[in-house]
Each structure stands twice: as structure tokens, then as C-alpha cells.
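Working notes, beginning with the structure itself.
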Amino acid sequence: MSNINNPQANLSKVIEKMAANSNFTKILLKYSGWSPNSTLATTWQGQIDFAIAMRFRLVQLIAVVFLFLDSAFFFMQIKDNENYFTKITIFLMELIASAVIFCGYELWYQKTRLMYQARKEIEPIFYKVLTVTIETAIPFICILIQSLHLQLEKAYANVSLIEHIPFMLLSILYLRFWLCFYAALIASMGRILLLLLILSFSEVDKKLPDHAWGIAEIILSGFIMGTIALLLRKMIESAIAVASEKTKLQDIFGRFVSKDVADQIVSKDLKMGGDNINASVLFLDIRNFTHRSSTMTPEDAVAFLNQLFNFTVAEVEKAGGIVNKFLGDGFMAVFGAPLSLPNSCNAAVICAIGIFEKLQEFNTSRTGGIVDLGIGINYGPMVAGVMGTDTRKEYTVIGDIVNTASRIESLNKEFGTSLLISQSVYDNLDANLKEQFESMPPAMVKGKAQPISIYKKI
């Protein structure tokens with residue numbers, strides 16, 4: 001099925017291009033995942049191993065820094081207490097046990113995501129909610145561990161409110177507003193419950209109620225993070241829509257012109273006017289098509305042409321050329337424009353040889369009369385570029401070289417040959433290709449005062 005009728009293929013191409021151009025976009029797109037909907041049904045495709053591993057390393061870094069700072073403040077609080085070393089040892093054991101459990105969960109979550117990625121699926125939203133809950137709860141775990149050795153209010157104050165923020169920031173990677181806000185609610189509700197517990201059973205430090213302002217700031221931070229995640233999502237959706245439209249245009253143009261030309265047209269690299277270049281031109285003609293088509297219905301004639309053009313055009317593109325225009329029962333192909341080739345003469349001749357090999361297979365596989373082709377190739381200076389009017393433009397090549405290539409192809413009928421090349425093409429061929437051609441008597445062609453040298457395929 002064509003890419004025009006297959007939006008999944010288009011979006012897959014778009015995602016690959018965006019990911020290739022931006023590592024940051026790659027992380028956001030491929031880590032967050034997209035719930036299937038009408039506009040972005042297939043963005044969960046491609047490799048996400050890098051993004052999953054990147055996130056896991058980020059979580060590890062945040063956890064290590066947090067636990068280091070948390071432990072440092074705890075040691076400062078108990079340095080004058082009795083059994084100082086015993087308490088530190090027990091605290092460290094509790095902390096390490098908690099860290100092992102947390103890392104074990106993160107490893108499990110990483111493997112779970114990789115499993116869903118391998119199946120080309122998005123993991124259930126439950127896993128995202130569970131992960132956000134656990135990561136946001138890490139500061140509370142530290143408060144509870146410290147409360148085993150300190151008063152609850154001291155442990156509460158020891159773990160600063162701002163320490164929730166790094167873990168909340170991880171939720172932005174999901175590109176969903178509600179997950180960011182949910183992380184803020186978990187952090188703020190946990191703090192409120194602990195604060196109420198302290199107010200109920202302990203004498204309260206006068207500064208402790210001031211934490212209510214910090215809780216409000218956590219909620220505000222969650223709102224801001226969610227807004228950032230939403231804006232990033234909208235920006236990426238917009239970029240995908242634009243890139244998808246560009247890909248669609250390239251696919252459409254690619255059906256009427258070469259894909260290389262289509263890419264440059266869409267990229268606006270092709271301007272009105274032309275450039276003087278040296279390139280090779282190949283003309284192909286189907287022998288006796290007028291007579292053959294007279295015995296066919298119009299539909300059968302078109303189907304026959306499409307069958308031939310399927311493998312002939314494929315050989316042109318395989319050799320690095322473009323089919324510049326179809327000429328009814330033939331076409332003109334260009335090698336060396338708009339994209340340059342190391343040796344356009346080699347490419348054109350290799351293409352022609354490949355076409356005749358495929359033609360032999362085509363004739364063997366079908367019933368009916370044998371199909372013959374005639375090909376003529378010329379090389380030299382020509383003008384290549386966009387020509388036409390403001391409303392109708394065409395990328396083409398013009399010049400005496402092009403006209404002569406057409407005349408050389410016509411000489412196949414006169415000499416009973418299938419492939420003829422000019423002297424300039426022969427002179428630029430590699431030795432192994434030259435061995436496959438032999439010279440013909442100089443021939444007169446229309447528009448030339450002197451006969452031209454030509455070579456035929458042995």
C-alpha cells in the first residue's frame with residue numbers, strides 16, 4: 001500500500017526524522033508514549049531503549065544526590081546524641097534497604113517498558129501512575145526513616161519541601177498535565193498529613209506551620225510543570241503535523257517526479273532558472289508500441305505500460321538517476337542532476353544493462369509477443385533547473401546533448417540494435433564497461449551537419 005494511503009508509514013517516517021534531528025525530542029517522544037487517538041495513533045513506534053535507559057540513569061542520579069544530602073543533614077542532627085555510631089549504622093542500613101527496594105522497582109519498570117516496546121505497545125497508564133507515586137514518595141520514606149531516630153517534627157523539617165521538586169520533574173517526561181499535577185498532589189497531601197500528625201501529638205515549633213506556604217508552592221510547581229508538559233506536547237504535535245504534511249507532499253510529488261526532485265521541491269531548494277552541468281541523458285522507447293496498442297483496449301495498453309515502467313523506472317532509480325518525463329511509450333532519464341554522481345556515464349550504462357536483464361525476465365514470464373526496447377545515451381554539458389511559468393513549473397534538462405540523445409535512440413531502428421551510446425559516453429566509461437561496446441560507422445542524425453560516432457552493446 002502506498003504511503004499516501006498509509007498514515008502509519010508517514011508518521012513513522014516523521015518520528016524517525018525528528019528523533020534523528022533532536023536527542024531532546026527523541027527522549028520526549030519515545031519515553032512519554034502517546035495514547036492512541038485520531039491524530040497520533042502510531043507515534044509509539046521505533047526504538048526506545050535509549051530513552052528508557054536515559055530516564056533510569058536520571059532517576060538514579062536524582063536519588064543518589066537526594067540521599068547523600070538527606071544523610072548529611074541527618075548526621076548533623078544526631079552528632080551530639082548518645083550511641084551516635086550505632087544510630088548512624090542502623091540509619092544507613094535502613095536507608096540502603098530502602099534504596100535497594102527502590103532501585104529494584106525501577107529496574108522492573110525499565111524491563112516492563114522494554115517488554116511493551118518490543119511488542120510495539122504502550123504500557124498501561126497504571127504503571128505511569130504507580131511510578132510517579134513511588135518516586136514522589138521518596139522524601140516521605142526518608143522522613144519516616146529519620147523519625148525512627150529523631151522526633152517526627154525534626155525529621156519533617158530536616159527533609160526540605162523543595163526536595164520533592166526533582167522527583168516531580170520526572171513526570172514532565174510523560175508530557176501529560178494531569179500526571180505532573182498528580183505528582184504535586186501526592187507531595188502536598190503527604191506533607192499535609194504529616195503536618196496534621198505533628199500538630200496533633202507534639203509540641204509544635206512556631207516555624208512549622210509556615211510550611212503551609214511551601215505546600216502551596218509545591219501545588220503551584222506541579223501546575224507549572226504540567227503546563228510545560230502540555231506546551232511541549234502541543235509543540236511536538238504541531239511539529240509532527242507539519243512534518244507529516246511535508247512527507248505527504250514528498251510522497252505525492254514522488255509519484256510524478258523523482259523523489260530526489262520532490263525532496264528538493266518541498267525543501268524549496270529548486271528555484272526558477274537553470275545551472276550549467278555535465279550529465280548523462282538516457283532515452284528509452286518501446287518498439288512497435290503503436291501497432292501493439294492497436295490490438296489492445298485503452299485499459300490494457302495502460303496496464304501493459306505500467307508493467308514495463310515498473311521495472312525500468314526501478315532500474316533508473318537503483319542506478320542513481322531520475323525519470324525526468326514520460327513520453328507515452330517511453331521516457332527520458334537523467335543521471336547527474338539534480339543530485340551529482342561520481343560517474344553519470346557508468347550509472348546510465350549500468351542502468352541500461354539492468355533494464356535489458358529485467359526485460360528478458362519479463363518476456364520469459366509472460367505470454368504474447370516479445371517486447372523490445374531501444375535505448376540511447378549521451379553525455380555532455382546541458383542546462384538543468386526549474387522552468388515554466390509562475391503557475392506551472394517543471395524540473396528538466398535542455399540542450400543539444402539532450403536532443404542528440406533522443407536521435408541516438410532513434411538510430412536503434414536503423415541499425416537493428418537495442419543500446420547505443422555516444423562517443424562522449426564511451427570515453428567516460430570504466431574499462432570493464434568499455435569492453436562491452438564496439439564502434440559503429442559514423443551516423444548522421446537530424447540537426448547535425450556532421451556524422452556522430454556511436455557505439456553499440458555487443
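- Leu359 pairs with exactly one of Thr312, Thr364, Leu373 by the side chain to side chain contact (heavy atoms under 4.5 Å, CB included) rule, that one being Leu373.
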Expected list for residues 342-353: side-chain donor-acceptor pairs under 3.5 angstrom, two or more places apart:
unit_1: Asn343; atom_1: OD1; unit_2: Cys345; atom_2: N; d: 3.1
unit_1: Asn343; atom_1: OD1; unit_2: Asn346; atom_2: N; d: 3.0
unit_1: Asn343; atom_1: ND2; unit_2: Asn428; atom_2: O; d: 2.9
unit_1: Ser344; atom_1: OG; unit_2: Ser280; atom_2: OG; d: 2.9
unit_1: Asn346; atom_1: OD1; unit_2: Asp430; atom_2: N; d: 3.1
unit_1: Asn346; atom_1: ND2; unit_2: Asp430; atom_2: OD1; d: 3.2
unit_1: Asn346; atom_1: ND2; unit_2: Asp430; atom_2: OD2; d: 2.8

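- A distance of 13.0 Å separates CD of Gln110 from CE of Met115, quoted to the nearest 0.5 Å.
- Side-chain atoms of Thr136 do not come within 3.5 Å of backbone N or O of Thr133 as any donor-acceptor pair.
- Taking CZ of Phe181 as the reference point, atom CD1 of Ile186 lies at 11.5 Å (rounded to 0.5 Å).
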Please tabulate, one pair per line, all N/O donor-acceptor pairs under 3.5 Å involving side-chain atoms of residues 219-230, not counting sequence neighbours.
unit_1: Ser221; atom_1: OG; unit_2: Glu217; atom_2: O; d: 2.8
unit_1: Thr227; atom_1: OG1; unit_2: Phe223; atom_2: O; d: 2.8

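- Rounded to the nearest 0.5 Å, atoms CD1 (Ile218) and CZ (Arg191) are 6.5 Å apart.
- No donor-acceptor contact under 3.5 angstrom links the side chains of Tyr182 and Ser171, judged on distance only.
- Scored by the salt bridge (Lys or Arg N to Asp or Glu O under 4.0 Å) test, Asp400 finds Lys448 as partners (sequence neighbours excluded).
- Remark: side-chain polar atoms of Asn378 are paired, donor with acceptor, to backbone N or O of Ile401 under 3.5 angstrom.
- Using modelled atom types, one side-chain atom of Ser188 and one backbone atom of Ala184 make a donor-acceptor pair closer than 3.5 Å.
- One side chain, Thr131 or Tyr105, offers a donor N or O that lies under 3.5 Å from an acceptor on the other.
- Distance check: Phe304 CZ to Phe309 CZ gives 9.5 Å after rounding to the nearest 0.5 Å.
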